[in-house]
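A quick write-up on the structure given underneath.
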Amino acid sequence: MRSIAVINQKGGVGKTTTAVNLAASLADSGQRVCLIDLDPQAHASLHLGVTVPESVDSVYGVLTGRRALADIRQMVAEKFWLVPSHLDLAAAELELATEVGRETILSDCIAQDPEPFDILIVDCPPSLGILTLNALTAVGEVLLPLQPHFLALHGLSKLLQTVQVVSERLNPDLRLTGVVLCMFDAGTRLANEVANDVCAFFEQHRESSGPWCETDIFATRIRRNIRLAEAPSFGQSIFQYAPHSHGAEDYRRLAGELTARAGSSGQRVSSAA
Ligand code: ADP
Ligand code: MG
């Protein structure tokens with residue numbers, strides 16, 4: 001099973017929109033997809049029209065050992081399942097702080113999960129705390145959405161350092177599959193300049209041995225598209241809400257590119273790579 005964490009410690013860069021619509025597109029193409037909402041804000045769950053009542057367990061129940069993934073997983077479309085989140089997950093950050101092996105809880109739960117999926121996608125919160133560490137420990141790949149504004153590269157080193165530390169200490173198979181530029185305004189000079197800066201940043205480190213030395217930006221840019229912003233209020237993916245929009249077109253293309261990268265080698269995150 002392929003597994004991908006969508007991470008960026010910044011909020012509002014397109015993580016949830018990417019996680020939900022990429023998952024939906026992969027499911028549309030016939031793959032069995034499980035999306036885990038690991039953000040206490042539960043935006044991915046809301047985007048897919050799922051609200052977990054106070055009395056019912058969410059992914060929080062899984063991380064605290066009360067439930068298995070299969071107990072709370074819901075089917076949201078054909079071949080598409082969601083492990084929903086709830087605001088109470090915010091407590092996990094503190095509660096797990098003193099727990100031994102706290103970074104591997106999600107990874108252990110996934111290992112015990114009997115359901116065969118083709119692909120698992122984890123939507124992460126806007127931080128590099130214990131929840132994101134659990135995601136990085138549990139998956140094989142990282143997908144990094146960036147919004148092309150002038151602070152796009154700010155904080156990137158910290159993020160990549162975190163990925164490298166996890167790969168060294170907890171998950172040697174982890175690799176950074178790619179960067180996806182979201183909310184891209186092709187007509188603006190700023191967007192194109194930042195895109196070039198991001199390319200240059202990764203190009204510059206291609207020679208080095210850092211964790212991002214073989215990372216590429218996806219050729220697909222996710223254009224700014226109002227339909228993508230509207231879809232969550234209808235509890236629908238872009239393919240249900242506006243299947244012929246630019247947003248649907250871009251995420252379909254991104255899913256194709258991601259699938260094509262499945263077998264590519266040499267993208268391991270390792271200082272020794
Ligand atoms: P994150 O999960 O990183 O916080 P979101 O995916 O929730 O970011 O996106 C932040 C906001 O921007 C949301 O309101 C979302 O609907 C909107 N948005 C995301 N991508 C696009 C896009 N390509 N075009 C227009 N709006 C977008
Ligand atoms: Mg989000």
Side-chain angles (χ1 to χ4, degrees), residues 4-25 35-52 58-59 82-87 89-90 92-93 121-129 131-132 134-136 142-149 151-156 158-159 162 178-188 190-192 194-195 198 217-255 257:
I4 302 172
V6 183
I7 74 163
N8 191 325
Q9 75 270 42
K10 285 186 198 176
V13 297
K15 287 185 293 298
T16 301
T17 307
T18 298
V20 166
N21 293 310
L22 194 57
S25 180
L35 173 64
I36 299 182
D37 186 353
L38 210 57
D39 184 352
Q41 297 176 100
H43 287 167
S45 308
L46 293 170
H47 196 319
L48 291 163
V50 174
T51 328
V52 180
S58 68
V59 71
L82 170 76
V83 174
S85 182
H86 184 274
L87 194 56
L89 180 63
E93 203 79 44
I121 295 182
V122 188
D123 184 32
C124 292
S127 82
L128 296 174
L131 293 168
T132 298
N134 260 276
L136 290 176
V142 174
L143 183 67
L144 175 58
L146 283 185
Q147 197 187 346
H149 61 55
L151 284 176
L153 293 180
H154 186 82
L156 196 56
K158 170 80 186 156
L159 187 151
T162 305
V179 174
V180 56
L181 295 173
C182 294
M183 288 175 256
F184 195 81
D185 297 307
T188 69
L190 181 65
N192 288 305
V194 173
V198 174
I217 300 197
F218 283 96
T220 306
R221 313 278 197 246
I222 308 298
R223 288 167 284 184
R224 190 178 288 282
N225 178 233
I226 189 67
R227 299 282 175 249
L228 286 168
E230 290 167 354
S233 16
F234 295 87
Q236 293 178 333
S237 78
I238 193 66
F239 305 101
Q240 295 162 316
Y241 178 65
H244 305 295
S245 61
H246 279 173
E249 198 181 299
D250 292 347
Y251 277 110
R252 215 175 274 123
R253 192 177 303 148
L254 182 68
E257 230 189 301

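Whatever order the structure lists ligands and atoms in, that order sets their numbers, starting from 1. Side chains included, hydrogens not; waters and symmetry mates left out as well; all remaining heavy atoms used.
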- Query: Got a sec, which residues hit salt bridge (Lys or Arg N to Asp or Glu O under 4.0 Å) with Arg252, two or more places apart in sequence or on another chain?
  - Reply: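 Scan of Arg252 (salt bridge (Lys or Arg N to Asp or Glu O under 4.0 Å), adjacent residues dropped) gives none.
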
- For ligand 1, what is the set of protein residues having any non-hydrogen atom at a distance below 4.0 Å?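 For ligand 1, the contacting residues are Gly11, Gly12, Val13, Gly14, Lys15, Thr16, Thr17, Met183, Ile222, Arg223, Arg224, Asn225, Leu228, Ala229.
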
- Any idea which heavy atoms bring Ser127 and Thr132 closest together, and the distance?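 Taking every non-hydrogen atom into account, O-OG1, 2.7 Å.
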
- Specify the closest pair of heavy atoms between Leu128 and Gln9, including all atoms of both residues, with the distance to one decimal.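 Smallest heavy-atom distance, with atoms named: CG-CB, 3.8 Å.
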
- Task: Identify the residue among Ile217, Asn8, Val13 that makes a side chain to side chain contact (heavy atoms under 4.5 Å, CB included) with Leu146.
- Result: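 Of the listed options, the one satisfying the test is Asn8.
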
- Out of Val59, Val6, Ile7, Asp123, which one pairs with Leu38 under the side chain to side chain contact (heavy atoms under 4.5 Å, CB included) rule?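 Answer to the side chain to side chain contact (heavy atoms under 4.5 Å, CB included) test with Leu38 among Val59, Val6, Ile7, Asp123: Val59.
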
Donor-acceptor pairs under 3.5 angstrom involving side-chain atoms of residues 241-248: please list them, not counting sequence neighbours.
from   : atom 1 : to     : atom 2 : distance (Å)
Tyr241 : OH     : Glu230 : OE1    : 2.7
Ser245 : OG     : Ala242 : O      : 2.7
Ser245 : OG     : Ala248 : N      : 3.2

- Query: Is there side-chain contact between Leu35 and Leu48, with at least one heavy-atom pair below 4.5 Å?
  - Reply: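 Heavy-atom side-chain distance check passes, below 4.5 Å.
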
- Query: With a 3.5 Å cut-off and no angle check, do the side chains of Tyr251 and Thr220 form a donor-acceptor pair?
  - Reply: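 Looking only at side-chain atoms, Thr220 and Tyr251 do not form any donor-acceptor pair under 3.5 Å.
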
- Task: Around the Mg ion (ligand 2), list the protein N/O/S atoms within a radius below 2.8 Å, excluding water molecules.
- Result: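 Those protein N, O or S atoms (cut-off: under 2.8 Å from the Mg ion (ligand 2)) are Thr16 OG1.
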
- Query: Looking at Arg253 and Glu249, does any basic side-chain N land under 4.0 Å from a carboxylate oxygen?
  - Reply: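 Result for this pair is yes, salt bridge flagged.
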
